[in-house]
Amino acid sequence: MYAMVDCNNFYASCERVFRPDLATTPIAVLSNNDGCVIARSAECKQINLPMGMPTFKAQSLIRQHSVKVFSSNYALYADISSRVMSVLEEMAFDIEVYSIDEAFLVISEQANQSFEIQGQTIKKRVNQYCGMPVSVGIAPTKTLSKLANYAAKKYTKAGGVVDLSNPERQRNLMALTPVGEIWGIGRNMKRSLNALGVQTALDLCDAPVKELRKRYSVLLEKTINELRGIPCIDLELESPAKREIVCSRSFGHKVDSVDEMAMAISSHVERAGKKLRKEQRLTSSISIFIRTNRYAEQSQQSRPSATMQLFSPTNDTSELNQAAQRLLKRIWQQGFAYQRAGVMLHGLVDPQNLQYELFHSEQAERSQRLMGVMDQINQRYQNTMCYASTLPTKQHNGWLMRREHLSPAYTTRWADLLRVS
DNA sequence: TCTGGGGTCCTAGGACCC
DNA sequence: TCTGGGGTCCTAGGACCC
């Protein structure tokens, strides 16, 4: 049986772990750059502060209800996440860490321990060990366990745990659930299915599977079978190698100078290079893109991008940056106020399987050593080394991210350690 | 006069997920 | 004034192979 464990309002709950004084205060967490609302505590949902609302539009609601606002603190969330996951690991035969706040556990029937009780135990222990509230949904397929989890959150009577091992209960719940709530049914599919008369999850479960596969895709077929209790989506025990890497950011202020854009691109390249080496991959091509603000409909839009195949696959930041800067020169258009830039790496290859170019040089080996040393130092001394091209200056710092409501890195920085007096 | 049958690989675009 | 940042998978169509 699968137990889908999902943290409740994860980012908002993380901000509460070291702030018990905020236990009943409405909390909102903002996206990078403090742009919009991406997580809300239960109290915050109650006052109808919508998900995704731009921060400036949410201001009056925030003031009116004294909402405590936080910039996103990914160092904190990632650390809390790994604590939660290691507690879960000990309670399951197998575990798939599905996202920063969710995991599928494999559990089985045990003497005098119904699934319901096992779910309650999981919930209690994560809360006790990590201070994190979770909901648990239990069912024979991943899709049904997501549905059970949805119910555990939605129906407070359930006490945070729903056991959906019984087929009759499955059908009863599906009859109450709009089809758009099913894992794998997004906005477009929902609209399309509704037009065919499929309104609830149960409608979909009982729909003609062959026809729908033909009309849509094999993915929908799998979803339907999973609703019927036939497992089609396997547990992924180890995360598959990445196929692409994307690093992008919006700017704190609009950027209209090519020098400033070059710094932003450099810094994205540097992050992308780190990720690439952490994955132990080389990239065979690099793209960059820059964009104006798509919401500013009255102003001129520009969103150019360009790609370059590399002479031979690499993970050397300087090499990648040289390529990126050439691409920037190619696409730069003066006279626009850019809002965002990004770097993408694709065609990632395993160096073990690499066919080296004919003139594979000593230079390449030196660069490997250099990257290795930089990564080691940065790991040991928290990002103390970087390329000069990424250092903000007095004239050029508008591209830096805004984070005006950042909480301390309670668990990952000595200086931010909580003090009790 | 009549012109087969079976594949792979790549890319772009769309849909989905968190 | 101010609207996030990642990812994956599937399909269709074109180019190419024998």
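Proteins come first, then strands; the chains are lettered A, B, ... in the order of their sequence lines, and each starts at number 1.
- Closest to the side chain of A/Q339, from the set C/dG7, C/dG4, B/dC17, is C/dG4.
- Side-chain contact, A/Q339 with A/T292: no donor N or O sits under 3.5 Å from an acceptor N or O.
- If you measure from atom CE of A/M401 to atom P of C/dC2, you get 18 Å, rounded to the nearest angstrom.
- Taking every side-chain heavy atom of A/M189 into account, B/dC16 is the closest of C/dG6, B/dC16, C/dT11.
- Of all heavy-atom pairs between A/T143 and A/T223, the closest is CG2-CG2, 4.4 Å.
- Spacing between atom CD of A/Q298 and atom P of C/dC2 amounts to 9 Å, rounded to whole angstrom units.
- For the pair A/K153 and A/Y150, the NZ or CZ position fails the cation-pi test of under 6.0 Å to the six-membered ring centre and within 45 degrees of the ring normal.
- When the P atom of C/dC2 is taken as reference, atom CZ of A/R294 falls 15 Å away, rounded to whole Å.
- Within the nucleic acid shown, A/I185 comes within 4.0 Å of sugar-phosphate atoms alone, with no base atom in reach, counting heavy atoms only.
- With rounding to whole Å, A/E236 atom CD is found 14 Å from B/dC18 atom P.
- Looking at heavy-atom distances under 4.0 Å, A/L219 makes contact with sugar-phosphate atoms alone, never a base.
- Closest to the side chain of A/S217, out of C/dG7, C/dC10, C/dC2, is C/dC10.
- Atom OH in A/Y77 sits about 16 Å away from atom P in C/dG6, given to the nearest Å.
- Computed from coordinates, the A/H346 NE2 to C/dT8 P distance equals 13 Å when rounded to whole Å.
- At a threshold of 4.0 angstrom between heavy atoms, the contacts of A/N32 are confined to the sugar-phosphate backbone, with no base atom among them.
- For the residue pair A/N9 / A/S41, no side-chain donor-acceptor distance below 3.5 Å is found, with atom types taken as modelled.
- Among the protein residues, A/L30 comes within range of no part of the nucleic acid, since none of its heavy atoms lies under 4.0 Å from any strand.
- Taking the ring axis of A/Y216 as reference, the NZ or CZ atom of A/R213 does not stay both within 45° of it and closer than 6.0 Å to the ring centre.
- Across all strands shown, A/E244 has heavy atoms under 4.0 Å from base atoms, whether or not it also approaches the sugar-phosphate.
- Between A/F10 atom CZ and C/dG4 atom P the separation is 22 Å, expressed in whole Å.
- Under the 3.5 Å distance criterion, with hydrogens and angles disregarded, a donor-acceptor pair is assigned to the side chains of A/S287 and A/H346.
- Across the interface with DNA chain C, nearest-nucleotide mapping of A/R243 and A/Y11 shows A/Y11 to be the residue nearer the 5′ end.
- Ion pairing between a basic and an acidic side chain is recognised when a charged N comes within 4.0 Å of a carboxylate O; A/D375 and A/R380 show no such pairing.
- Looking at heavy-atom distances under 4.0 Å, A/S250 makes contact with sugar-phosphate atoms alone, never a base.
- The phosphate of C/dG7 (OP1 or OP2) has a side-chain N or O of A/K275 nearer than 4.0 angstrom.
- Side-chain N/O atoms of A/K242 include none lying less than 4.0 angstrom from OP1 or OP2 on C/dG6.
- The side chain of A/K254 approaches C/dC2 more closely than any other nucleotide in the set C/dC2, B/dC18, C/dC9.
- Of all nucleotides listed (C/dT3, C/dC9, C/dT11), C/dT3 comes nearest to the side chain of A/F56.
- Ring-plane geometry between A/F104 and A/Y98 is classed as perpendicular, the angle between the planes exceeding 60 degrees on a 0 to 90 degree scale with a lower cut at 30.
- Following rounding to the nearest Å, A/M344 (CE) and C/dT8 (P) show an atom-to-atom distance of 13 Å.
- Residue A/C36 has its side chain nearest to C/dG4 when only C/dG4, B/dC17, C/dG6 are considered.
- Each of A/D34 and A/S248 has a nearest nucleotide on DNA chain C; the 5'-most of these lies closest to A/D34.
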Strand DNA chain C in bracket notation, Watson-Crick/G-U under 3.5 Å with | for pairs to another chain: ....||||||||||||||

